[in-house]
Amino acid sequence: MSADMNFEMSPRLNQVDSQHEKYENLLIDRLEPGIVVLKINRPKALNALNASVLRELRVALRALGDDDSVRVLVLTGEGEKAFIAGADIAEMKDLAPAEGVAFSQMGHEVAKLLEMMNKPTIAAVTGFALGGGTEMALACDFIIASERAVFGQPEVGLGIIPGFGGTFRLVRSVGLPKAKELIYSGRRVKADEALAMGLVNHVIPAEGFLNAVIENHAKPIALQSASAVAKAKSLMVEFTEAMGLNTKVDAEAHAFGRLMNSHDQREGMSAFVEKRKPLFEGLKP
Ligand code: CO8
């Protein structure tokens, strides 16, 4: 096991985080109003996820989740060729079973941070999103693809299975028969087919792709009440098919009630009545 495969949180990375977001494998751009673009920055390896990238993602996502100035997170990859071409095959090649478990758990932790974050997350996918790449995109709230995006779960062709959530998040996204077909065959899916099967919300031109995602998809969300968006997200993330209707009705009614008489509710409704744009405050705990 190489030094890089030490899966425990490294104190050095905590330190890196406090040094104003100086990550080795991530780029973080902060844009108004409260939009953060988080880029995986390993373009020479098509942004493949090794332990070092996953460790930094874990630190960065925790910090961004705790940061009330962040209203929307856009996850993407550096370069036009890949969003994320999967987990790093060279690094996984010689893992022992226990190390495989630890590596998978580390990816799951990152995916859960994206899924459970108290603010919306958008995967902006251009180029390859294969294996762990499709899985990280699926952990975001929704996916916007460029016309050059390619998705797929090629793991069975490597003698493994999806290990960062594909067996349940892909099922949830495209339904069981489609997910089975894609996972059993490893077949790659281009943007148009991904749109048709409901894997992505929109397919947009590759030219000006990231700016269009920011302007047309992130910004409209960032201008809403962040606390209302966060509340709606937490309900949708926590509700499962197995939960009874009454449980969901009750949870929604109470969440709704907790927003009444909040700053943003008073401001949003007053602004409507006064025919002006609302001025919402940031996310409150
Ligand atoms: N891992 C490591 N390196 C990679 C990966 C990867 N997943 N993908 C690309 N690279 C590297 C290549 O090795 C190459 O490096 P170098 O220049 O040093 O030779 C560089 O990126 C460029 O790649 P190519 O030369 O292959 O570029 P092409 O345009 O010819 O092909 C492809 C692009 C089709 C994307 C091709 O690179 C490819 O097939 N990559 C692998 C895709 C894949 O199989 N992904 C799934 C990996 S398994 C996975 O994600 C499981 C997730 C859960 C794991 C949990 C386990 C415990």
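First listed ligand is number 1; within each ligand, the first listed atom is number 1. Side chains included, hydrogens not; waters and symmetry mates left out as well; all remaining heavy atoms used.
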So is Phe103 polar-close to ligand 1, meaning N/O to N/O under 3.5 Å? no

Is ligand 1 less than 4.0 angstrom away from at least one heavy atom of Glu135? yes

Please check atom 7 (N) of ligand 1 for a protein heavy-atom neighbour under 4.0 Å. yes

What atoms of ligand 1 come closer than 4.0 angstrom to any heavy atom of Ala45? 4 (C), 9 (C), 10 (N), 11 (C), 21 (O)

Gly132 heavy atoms, cut-off 4.0 Å: which ligand 1 atoms fall inside? 49 (C), 50 (O), 52 (C)

The one among Gly163, Pro154, Gly186 that brings a heavy atom closest to atom 46 (C) of ligand 1: Pro154

For ligand 1, note which part of Ala87 has a heavy atom under 4.0 Å away: side chain, backbone, both or neither. both

Between the candidates Ala85, Gly86, Gly131, which shows the shortest non-hydrogen contact distance to atom 43 (C) of ligand 1? Ala85

Are any of the heavy atoms in Gln153 under 4.0 Å away from ligand 1? no

Per atom 39 (O) of ligand 1, closest listed option by heavy atom (Glu155, Lys44, Arg188): Arg188

Options Leu49, Val150, Leu46, ranked by nearest heavy atom to atom 37 (O) of ligand 1, top entry: Leu46

Which protein heavy atom lies closest to atom 1 (N) of ligand 1, and at what distance to 0.1 Å? Ile89 N, 2.9 Å

Can we say Lys178 and Glu193 salt-bridge, meaning some charged N sits less than 4.0 Å from an Asp/Glu carboxylate O? no

